[in-house]
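Inspection log for the structure reproduced underneath, given as structure tokens.
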2 protein chains.
Amino acid sequence: MTPALPSGQLGDLDPTSDRAVFRQIADQLREAIDRGRFREGEKLPSEAELVDHYGVSRMTVRNSFSILQGEGLVHAEHGKGVFVRPRPPVRRLASDRFARRHREQGKSAFIVEADTVGSHAQVDSLEVKEEKASQDISTRLGSVRRVLARRRRYLLDGRPVEFATSYLPLDIARGTQIAEPNPGPGGIYARLEELGHRLDHFEEEIRARMPSPDEVKTLRLASGVPVIHLIRTAFDTEGRAVEVCDTVMAADAYVLSYQLPAT
Amino acid sequence: MTPALPSGQLGDLDPTSDRAVFRQIADQLREAIDRGRFREGEKLPSEAELVDHYGVSRMTVRNSFSILQGEGLVHAEHGKGVFVRPRPPVRRLASDRFARRHREQGKSAFIVEADTVGSHAQVDSLEVKEEKASQDISTRLGSVRRVLARRRRYLLDGRPVEFATSYLPLDIARGTQIAEPNPGPGGIYARLEELGHRLDHFEEEIRARMPSPDEVKTLRLASGVPVIHLIRTAFDTEGRAVEVCDTVMAADAYVLSYQLPAT
DNA sequence: CATGCATACTCGTATAGACGAGTGGGCAAG
DNA sequence: CTTGCCCACTCGTCTATACGAGTATGCATG
């Protein structure tokens, strides 16, 4: 005889309900996941099994799955099945992460931080070049036409989590170590201070949205995972904007943390 | 004869490409939107028109639309069509929004702020009650068992944009104006200071994720719109956590802004 | 002129079937 | 024992069809 189906965990449909069948199925799966009947990384019943269990067509079941995918709850793997999406370890960004004392050490802040939590960090796809400033960047940097752009991608345990571009005015960066692929210990902020631009404060703008297809690719995002878009401007003590850093982060990999004075 | 179809703007499929047909269609529509060939709020070609234009089945076209919906680019309206989703006006939250000087005025900060940008603000579904603290809230408030919870929803020009719950320890809030639906001028932070809890600083934790079905309902979110989840803890000058505010915001309605010292 | 209905067009839901392609296990051949 | 193939199972893509339900428009009726 046939063994009990994994779908035995699930209930029945309510034909009298005006809620669409595929929504009812999605509801039941979601609840089963929330209650822990399917755990992180565990496989859900296959499409065929759910077709049998509910007596609906395959497209209806797929429709249910696509809802849950949009919510970021599950992900499908071709040839294997549909799985409860595990919550990856998150990276916490504290608001003192640019404190001067953190710049004293040799290694990059990203690597050091990853080491302390036992993760393997990597930086790749480094690109450093001069280019025309976009309207937005030009405005933020105070009407510059061309900028030095530093692009890089950060990976944690092999997973891309962040993609960032720093823009600097050419009159500051050209010909300095900032224009080199490796900016040296303490990063470009340390170099900026050596060049006489003592940093005063940063401004960060935060948005969240769904990723573009490009971002899905570079960050290898599962469907249903938004991105956090952070734009940071660094100001020196003379009030000049000396750098703009445009960062796109996989939202499921980050918690940002800020401290605000109550004054 | 038939008039030129709106889909005349679009190209052809590449049958030799290994890219799925519905992705190719989504790509073309996305590009057309990005290039401004379809403007904000404008109607895309109907499913039937695209079926004719590309010579594919209706499900394939719908599949394309569902991709764009997941990206938050378009939204469908039953009986009307599929439209380019307009970017709503955003609310900017500055990091000095809790500065003491902002608490002097009579009206709530949310209303005042909305007035200055010419929007109509509303607060509704107010609920104030004592309840058991969740594990997380209890930890943040320093092991309290029960709390006063203040729930409210914020609307801008009739659109719900934010849903927030404040939690306060009972020994502070019980019997005070904080436990009333209307906490009075300056809000609960003003009341806390009057009660001798001079505020020292705030900590904010920020996450972004896709909304739960509940959140979709309360915030009337279109598909493809993530939420920003903000958890703020207020500390008094004695280092005690005196309030935790858990806020869920429609991500397309907000830009958060923070200022960090470089020290 | 105003009301209300018929109708055409829109997207929403659901079925049934077909083929393709990735994965993994078992079995047969070497 | 190892290699390699076949097969069963999985999700991915696509077609064709049907009916339901919301919207808007125009026309007929009062």
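Naming: A, B, ... by sequence-line order, numbering from 1 per chain.
- Under 4.0 angstrom from either OP1 or OP2 of C:dT15 there lies at least one side-chain N or O belonging to A:Thr60.
- When each of B:Met249, B:Arg97, B:Glu204, B:Arg92 is checked for a side chain to side chain contact (heavy atoms under 4.5 Å, CB included) with B:Leu256, only B:Met249 meets the rule.
- Spacing between atom CG of A:Leu44 and atom P of D:dT10 amounts to 13 Å, rounded to whole angstrom units.
- We find that CD of A:Glu77 is positioned 10 Å from P of D:dG12, with the value rounded to whole Å.
- OP1 or OP2 of C:dT13 sits under 4.0 Å from a side-chain N or O of A:Arg23.
- A salt bridge links B:Asp27 with B:Arg19: the distance from a Lys NZ or Arg NE/NH1/NH2 to an Asp or Glu carboxylate oxygen falls below 4.0 Å.
- For the pair B:His78 NE2 and C:dT13 P, the computed distance is 8 Å after rounding to whole Å.
- Taking CG from B:Leu73 and CZ from B:Arg85, the interatomic distance works out to 8.0 Å, rounded to the nearest 0.5 Å.
- For the pair B:Ser46 and C:dT10, the criterion of a side-chain N or O lying under 4.0 Å from OP1 or OP2 is met.
- Here the side chain of A:Arg58 is nearest to one of D:dG12, D:dC14, C:dA14, namely D:dG12.
- Distance, B:Glu49 CD to C:dC9 C1': 10 Å, rounded to whole Å.
- Checking the phosphate oxygens (OP1, OP2) of D:dC11, no side-chain nitrogen or oxygen of A:Arg62 falls inside 4.0 Å.
- In this structure the side chain of B:Arg58 reaches within 4.5 angstrom of the side chain of B:Val51, judged on heavy atoms.
- Each of B:Val21 and A:Phe65 has a nearest nucleotide on DNA chain D; the 5'-most of these lies closest to A:Phe65.
- Nearest-nucleotide positions on DNA chain C place A:Phe22 closer to the 5' end than the other of A:Phe22 and A:Gly79.
- Taking only side-chain atoms of B:Lys80, from C-beta outward, the nucleotide of C:dT15, D:dA24, D:dG22 with the closest atom is D:dA24.
- Summarising the geometry, the separation between CE on A:Met59 and C1' on C:dG17 is reported as 12 Å, rounded to the nearest angstrom.
- Atom CD in B:Gln24 sits about 12 Å away from atom P in D:dT13, given to the nearest Å.
- Here the nucleotide nearest the side chain of B:Glu47, chosen from C:dG12, D:dC14, C:dG20, is C:dG12.
- Atom-to-atom, CD1 of A:Ile67 to P of C:dT13 comes out at 8 Å; the value is rounded to the nearest Å.
- Looking at B:Arg232 and B:Glu205, no side-chain N of the basic residue comes within less than 4.0 Å of a carboxylate O on the acidic one, giving no salt bridge.
- The CG-P distance, from B:Leu50 to D:dT15, rounds to 13 Å in whole Å.
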